[in-house]
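First up is the structure itself, then whatever we jot down about it.
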Protein chains: 2
Amino acid sequence: MDGPLLHQLADRLKALSHPARLKVLVTLAGGDGCQCGAIVAGLPLAQSTVSQHIKVLLEAGLIRGGTEKGRACYCLDAEALATLRRDLDILFSALHAPAPDAACEPEKAHV
Amino acid sequence: MDGPLLHQLADRLKALSHPARLKVLVTLAGGDGCQCGAIVAGLPLAQSTVSQHIKVLLEAGLIRGGTEKGRACYCLDAEALATLRRDLDILFSALHAPAPDAACEPEKAHV
DNA sequence: ATCGTTTATCGGCGATTTACGATGGACGGA
DNA sequence: TCCGTCCATCGTAAATCGCCGATAAACGAT
């Protein structure tokens, strides 16, 4: 887990760090098809705003698609999502503290 | 995966969506102890900036600790990290497209 | 040819983020 | 006591974000 790797991971996490964008992903996975209209309908946001969120997900490489013939058509990039999931697993594995002597519990707060 | 859940997950992901903060977590897991000084030394940032990143992680509940006696002492919140990992697993599971008829490949780009 | 629909992009606004230096408090050592 | 170190906080500047309405492009239908 060195510098560039963390940077790249942070970028993808940033794309996920907004409820609207998470909802877009879940909606796309819902099989309701790929229409953008359906996505807009499911969010309390203006169409232009949703379009921008989609753009963020596209640029992060988490979804694929575009506008084919007047109609938009987006879908999850399963491969990218799998890669992200794997990278997160690596991160969380790296985050397993190696038996800390419990020397770090200032107050543990109102237990 | 409904609204509030996505919102709460997005908040935690936001805390992770910066390379410096990821590095802080990895450093804390490195067992180098909990010193803030060690963290600052490992980052190309000013001490005040690092302190703010630590604050973000604290507020997200991903790390615990504080300043005990002049010296700072932080450590990963293993429980919170485990919860986050589980929530991410739920998300990624929800993101498994249910056999999309491959009807969504506008151009697949320059293959 | 003209409309209505769908979607992306532009311009702008307020809020938030990221970064820094400076300041101040708490502590240990000389 | 007087420094030096360590850390959090404040104030601030620059950049980015999140949102919107308006607009424009592409298309189908009339």
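Both backbone and side-chain heavy atoms feed into the values below; hydrogens, waters and symmetry mates do not. For clarity, every value in this text was computed on a predicted model and none was experimentally measured. Here is how names work: the chains are called A, B, and so on, in the same order as the sequence lines, proteins then strands, and each is numbered from 1.
Across all non-hydrogen atoms, the minimal contact from A:F92 to B:L81 is CE2-O, 3.6 Å. Shortest non-hydrogen contact noted between A:L13 and B:S17 is C-CB, 3.9 Å.
Atom pair B:K55:NZ and C:dT16:C1' shows a separation of 14 Å (rounding to whole Å applied). For B:I54 and D:dT9, the CD1 to C1' distance is 14 Å, given to the nearest whole Å. One atom, OH of A:Y74, and another, C1' of C:dT6, lie 11 Å apart when rounded to the nearest Å. Rounded to an integer number of Å, the gap from CD of A:E68 to C1' of D:dG28 is 16 Å. For B:L16 and C:dT17, the CG to P distance is 15 Å, given to the nearest whole Å. Rounded to whole Å, atom P of D:dC17 lies 16 Å from atom CG of B:L13.
The backbone N or O of B:K14 lies less than 3.5 Å from a partner atom in the side chain of B:R21, making a donor-acceptor pair. For the pair A:T49 (side chain) and A:L45 (backbone), a donor-acceptor distance under 3.5 Å is absent. Side-chain N or O atoms of A:S51 include none that pairs as donor or acceptor with a backbone N or O of A:Q47 at under 3.5 Å.
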Evaluate side-chain contact (heavy atoms from CB on, under 4.5 Å) for A:T83 paired with A:R86, printing each intermediate quantity in order.
CA-CA 5 Å; A:T83 300; A:R86 206 155 29 76; 3.8 Å; yes
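One finds a side-chain N or O of A:T67 lying less than 4.0 angstrom from the OP1 or OP2 phosphate oxygen of C:dA8. Checking the phosphate oxygens (OP1, OP2) of C:dT16, no side-chain nitrogen or oxygen of B:K14 falls inside 4.0 Å. For the OP1/OP2 pair of C:dG28 and a distance below 4.0 Å, the side-chain nitrogens and oxygens of B:R71 include no atom meeting the criterion.
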For nucleotides 19-26 of chain C, give me every protein contact, N/O to N/O, under 3.5 Å, one pair per line with atom names.
from	atom 1	to	atom 2	distance (Å)
C:dA19	OP2	B:H18	NE2	3.4
C:dA19	OP2	B:H53	NE2	2.6
C:dA19	N7	B:Q52	NE2	3.2
C:dC20	OP2	B:A46	N	2.9
C:dC20	OP2	B:T49	OG1	3.0
C:dG21	N7	B:S48	OG	3.4
C:dG21	O6	B:S48	OG	3.1

